[in-house]
Amino acid sequence: MTVHGSDSTAGKLTIRYFAGARAAAGTPEESAPAGRCLDELTGELAERHGARLAAVLRAASFLVDGVTCHDRRAPLPAGATIDVLPPFAGG
């Protein structure tokens, strides 16, 4: 999903994985083309990385540019950073 041929963030999304999401994705960060909602993006990420990440994505919380995403069907703004936060245990 890495965007090639441009250093600009204008037409892409940055996906950052934390904790178990990072382990499941096998990378701390990747890029994806803009122009989709969170439900579409997570579906594509699950297909790309397999069942392990798909399970994490079903339980994860998401931040879009540091703000909790409540509407998973709202278009993600080009240049946004999406943080994937799996459930954390402990306290």
Side-chain angles (χ1 to χ4, degrees):
M1 293 189 108
T2 301
V3 175
H4 297 284
S6 174
D7 290 334
S8 171
T9 60
K12 69 177 183 173
L13 303 169
T14 300
I15 300 97
R16 299 188 305 183
Y17 298 103
F18 294 88
R22 178 181 289 182
T27 184
E29 182 176 297
E30 66 181 310
S31 298
R36 59 195 29 108
C37 68
L38 187 59
D39 279 344
E40 293 166 330
L41 176 64
T42 57
E44 291 172 18
L45 295 172
E47 283 183 30
R48 178 181 176 97
H49 294 286
R52 187 170 171 207
L53 182 61
V56 171
L57 293 173
R58 282 192 295 275
S61 297
F62 301 90
L63 301 179
V64 178
D65 290 334
V67 177
T68 302
C69 180
H70 295 289
D71 184 357
R72 294 175 57 106
R73 294 189 178 257
L76 296 167
T81 297
I82 315 303
D83 292 330
V84 181
L85 307 171
F88 294 95

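Here the closest non-hydrogen pair linking Val64 and Pro77 is CG1-CD, 4.3 Å. Closest heavy-atom contact between Ala24 and Val56: CB-CG2, 4.0 Å. Taking both residues in full, the closest heavy atoms of Leu13 and Ala34 are given as CG-CA, 4.0 Å, listed atom of the first, atom of the second, then distance. When all heavy atoms are compared, the tightest approach of Pro86 to Ala19 is CG-CB, 4.0 Å. Here the closest non-hydrogen pair linking Ser31 and Ile15 is C-CD1, 4.2 Å.
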Take Thr14 and Ile82, measure what side chain to side chain contact (heavy atoms under 4.5 Å, CB included) needs, and give me the verdict at the end.
CA-CA 6 Å; Thr14 300; Ile82 315 303; over 6 Å; no
Passes side chain to side chain contact (heavy atoms under 4.5 Å, CB included), Glu30 versus Leu45? Steps please.
CA-CA 10 Å; Glu30 66 181 310; Leu45 295 172; 3.6 Å; yes
The test is side chain to side chain contact (heavy atoms under 4.5 Å, CB included); show your working for His49 and Leu57 and say whether it passes.
CA-CA 11 Å; His49 294 286; Leu57 293 173; over 6 Å; no
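Rounded to the nearest 0.5 angstrom, Glu44 CD and Asp39 CG are separated by 11.5 Å. Rounded to the nearest 0.5 Å, atoms CZ (Arg72) and CG (Leu41) are 9.5 Å apart. Here OG1 of Thr81 is found 9.0 Å from NZ of Lys12. Values are rounded to the nearest 0.5 Å.
Judged by distance alone, with hydrogens and angles left aside, the side-chain atoms of Asp83 form no donor-acceptor pair with the main-chain N or O of Phe62 at under 3.5 Å. A donor-acceptor pair under 3.5 Å is formed between the side chain of Glu40 and the backbone N or O of Cys37.
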